[in-house]
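Notes follow the structure.
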Amino acid sequence: MAPPVPETGPPGPPPTPAPRPPLRPAEGPSGRVPPSPRERPASPPAGTAPTGPPPGAGVGAGRRAELPPVHGAVICVAAPFLAISPEHGQLTGRGIDGIYRSGRRLLSRCVLRVAGRDPVAVQGRSLGADRAAFTATVRTGVEAGPDPDIGVERVRHADGTERITVRSFAARPLRLPVEVSLGTDLAELAAVAAGHAGPELAAGVHAAGLRWSTGDALAVTTAEPAPDDALASAGLLRWELELGPGESRSIELRTTRDRSARAPAGQVANPLAAARAEGDDPRADAWFRTSVEDLRALLLRDPAEPGDAFAAAGVPWRLGLAPAESLWAARMALPLGTGLAAATLRTLARSQTGGRGPGAGKIPGPLRAAGPQLPPGCTGTEATLGFPVVLAEARRWGLPEEEVAQLLPAAERCLDWLRGALGEDGFLADPDPGPRRCETQAHAYRAALLGADLLDGCGRSGAGEWRERAAALREGFRARFWIDGPDGGRPAAALHPDGRPLPRLTGAAVHLLDTGLLGGGRLAPGLLDRVRTEQLARLLGAPAMDSGWGLRSMAAREPGHNPFGHRSGAVRAHESAVAVAGLAQAGFEKEAAGLLRGLLDAAEAFAYRLPEMYAAEQRTAGSAPLPHPAACRPAAVAAAAGIHALTALAGIRPDAPAGTVAVTPQAGAPLGALRLSGLRVSGEPFTVRISRLGVGMVEEAADGLQLGG
């Protein structure tokens, strides 16, 4: 989970994909959104033609150009809409700024002038996932002195709506000329990122605004009130506004890709409960609320079944389906209801490889870079192993049995694929032939155990076989993957094809702690024994891995460590959240609490919208986490990480088929008293309160749901 594709240097701009069937992995609904700068499509099956140019195609010979930095941008998203603005709010037509829909830039330039002057930017700020405000001032000169006498506020929405409000602070009436200069290239985001956007198009006057068109695209910007003058040759709209002292006037611009006057309404029905996290630390509520809002803003419809929604990977680079990350986001959001998980599973089941042979039952996915030590892995492997896990856990949270039954055949096909993919040594290579990655064995083991639990619960045969396979994998893992040493040892990051262990300590080891939820509120047993689990917890809580802002993706002392490396040292938000939950479940509350507090501090520093990754420089007094210039923000797994980390404090372990729920709060209450309200268990509201002493109490639950565990 995390951004996918091999990279040999800095991430380069993605190529423009060729047309493909709907919803291939890492694409948006239109097929226009570029894949991650760290991922590329997996090789096509035998007998099929490649579906797009190779990575880096069209970005220059010899090396891949760098992605434009986005860490300072103000980003609004309401998938498939996207607005990228500089902090001052003026869209100048340079860089990647603009209004996009499904990867197409509808507006690249929107420059405001008041009284013949450029407003002086005062502040740009996010008002929510889908909108931002930009405040500026103008000094017209009608009054002596340095004070501005005009205030300007622009509220920009991801869907292409912008409201410009001009307010007079002058003591006398003013007649203000207001001009908005508009333009676009109607370029694809992939081309914009690669620096190949092309020139602006000629505008034409359209009713109360302007329009632009190419052979396959159209954009229209309309204004209300209608401008007093529209100059298509200059792309200019003009108004003469009369303002008395203290008066304000507003202009609303709407940019769409058709001739309709109004931008379309919200795209996806919200399957996520409007839950809250209130307590002694007010930051918990801000982080939880922002996480839910960002995840909601990333939801896209499956065009094959518009009633099904999934979480897009992130913006600006990955506003489309990334199977492994969409599953991870749905899994971590299960406390908000099972609707997102069910829809994501249905969407991925429609892409599952059919027929017979080695690839049958696998969910396709692109390759993902693994840093300088390992070749790229396949996100399709992770998604295929995650499918039965998410279905099994969604059933425990209350997914109706009829929906489980519909998805069960796809889960069984995933297990069939796993059976055929396991090597003679009992491990799973990724890709095959290739290394046996530590986290891949953890995913396979979890799929085997939770798959067995799912088969048993649904009255299907085969559960015994999968428990035996899990036991064999556990025995083999303990014998082959653990590297003993005077400090207590560590898990190998991978086994090379020849059996040599790769002795790197990486954040991927946290997946050894994430065993999954079984019936009766029990957690599945881990791959490691208790002594080695304790050693891993000690390693994860030490400064080499805990940066003070979250968990590093590679220990600081490892060769090749890079604090900005997405797999070689940077903090990856979802991996830190998995560590928090896994450590707490294993009983290592001190290490879990330390990582949780660091993650919450980082969330506060990023205005509670964590990027998918950020630099893991060691925390010192007065320091702050450093953004990664190419990271997606918001990103689905980073948004879901906030939900996962905070609900882990309550230790909610439901078993809806049995009508029970266990609540085992984290000892010590690391954030003080906390109340989680509006969650969902068995499809009904669920509220739990944790006291300052770490005692949990259920305040609201479905009728008939018994406290157990």
Side-chain angles (χ1 to χ4, degrees), residues 1-9 38 367-379 381-382 425 427-431 433-445 476-514 526-528 532-547 550-572 574-576 578-579 582-583 591 595 613 615-618 628:
M1 227 196 43
V5 147
E7 62 185 38
T8 55
R38 292 165 297 280
L367 297 177
R368 171 195 293 142
Q373 283 81 28
L374 288 169
C378 181
T379 64
T381 300
E382 189 172 342
D425 57 3
F427 299 131
L428 182 62
D430 183 28
R436 276 73 170 143
R437 303 170 195 269
C438 169
E439 69 272 26
T440 302
Q441 313 319 308
H443 299 329
Y445 174 74
F477 189 91
R478 293 177 181 180
R480 301 281 303 281
F481 269 80
W482 191 264
I483 303 172
D484 289 316
D487 62 348
R490 62 173 62 182
L495 297 183
H496 291 288
D498 61 7
R500 289 178 298 113
L502 177 63
R504 296 283 187 271
L505 180 60
T506 70
V510 304
H511 295 289
L512 297 173
L513 301 172
D514 176 25
L527 274 171
L528 300 178
R532 289 170 175 172
T533 300
E534 184 175 359
Q535 170 64 2
L536 177 58
R538 186 186 68 80
L539 292 171
L540 296 179
M545 285 297 288
D546 183 356
S547 69
L551 191 77
R552 292 184 170 96
S553 54
M554 181 187 286
R557 299 190 184 99
E558 297 291 350
H561 171 80
N562 174 2
F564 284 90
H566 78 281
R567 293 259 167 183
S568 56
V571 172
R572 299 170 64 227
H574 91 274
E575 216 162 61
S576 294
V578 171
L583 287 165
E591 292 81 0
L595 285 172
M613 58 184 171
E617 296 283 12
Q618 189 64 43
H628 189 295

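In this text, all values refer to a predicted model and were calculated from it rather than measured experimentally.
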Which heavy-atom pair separates [X] from [Y] by the least distance, and what is that distance?
{"X": "Asp430", "Y": "Cys378", "answer": "OD1-N, 3.2 Å"}
{"X": "Gly569", "Y": "Ala616", "answer": "O-CB, 3.0 Å"}
{"X": "Phe481", "Y": "Arg437", "answer": "CE2-C, 4.2 Å"}
{"X": "Ser553", "Y": "Ser568", "answer": "OG-N, 3.5 Å"}
{"X": "Leu595", "Y": "Ala579", "answer": "CD1-CB, 3.9 Å"}
{"X": "Gly377", "Y": "Pro431", "answer": "CA-CD, 4.3 Å"}

- Show your working on side chain to side chain contact (heavy atoms under 4.5 Å, CB included) between Met554 and Gln373 and close with a plain yes or no. CA-CA 11 Å; Met554 181 187 286; Gln373 283 81 28; 3.0 Å; yes

Gap separating the [atom1] atom of [X] from the [atom2] atom of [Y], nearest 0.5 angstrom:
{"X": "Arg478", "Y": "Leu528", "atom1": "CZ", "atom2": "CG", "value": "7.0 Å"}
{"X": "Leu505", "Y": "His561", "atom1": "CG", "atom2": "NE2", "value": "11.5 Å"}
{"X": "Leu495", "Y": "Leu502", "atom1": "CG", "atom2": "CG", "value": "9.0 Å"}
{"X": "Leu527", "Y": "Leu513", "atom1": "CG", "atom2": "CG", "value": "10.5 Å"}
{"X": "Asp484", "Y": "Arg490", "atom1": "CG", "atom2": "CZ", "value": "12.0 Å"}

Below 4.5 Å, heavy atoms only, C-beta onward: do [X] and [Y] meet side chain to side chain?
{"X": "Glu575", "Y": "His511", "answer": "yes"}
{"X": "Arg572", "Y": "Arg567", "answer": "yes"}
{"X": "Glu382", "Y": "Arg368", "answer": "yes"}
{"X": "Arg552", "Y": "Pro563", "answer": "no"}
{"X": "Trp482", "Y": "Pro501", "answer": "no"}
{"X": "Leu512", "Y": "Pro491", "answer": "yes"}
{"X": "His443", "Y": "Glu439", "answer": "yes"}
{"X": "Phe427", "Y": "Thr440", "answer": "no"}

- Return yes if some donor-acceptor pair links the side-chain N/O of His628 with the main-chain N/O of Phe564 below 3.5 Å, else return no.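 A pair under 3.5 Å: yes.
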
- Item | Test item: Gln535 side-chain N/O and Gly489 main-chain N/O as donor-acceptor pair under 3.5 Å |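 Yes; judged by distance alone, with no hydrogens or angles, the pair exists.
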
- Let me know which of Leu540, Val571, Val578 forms a side chain to side chain contact (heavy atoms under 4.5 Å, CB included) with Leu551. Leu540

- Take Asp425 and Arg436 through the test side chain to side chain contact (heavy atoms under 4.5 Å, CB included) and record every step on the way to the result. CA-CA 10 Å; Asp425 57 3; Arg436 276 73 170 143; 3.2 Å; yes

- Message: Does anything in residues 537-546 form a salt bridge (Lys or Arg N to Asp or Glu O under 4.0 Å)? List the pairs, not counting sequence neighbours.
- Response: none

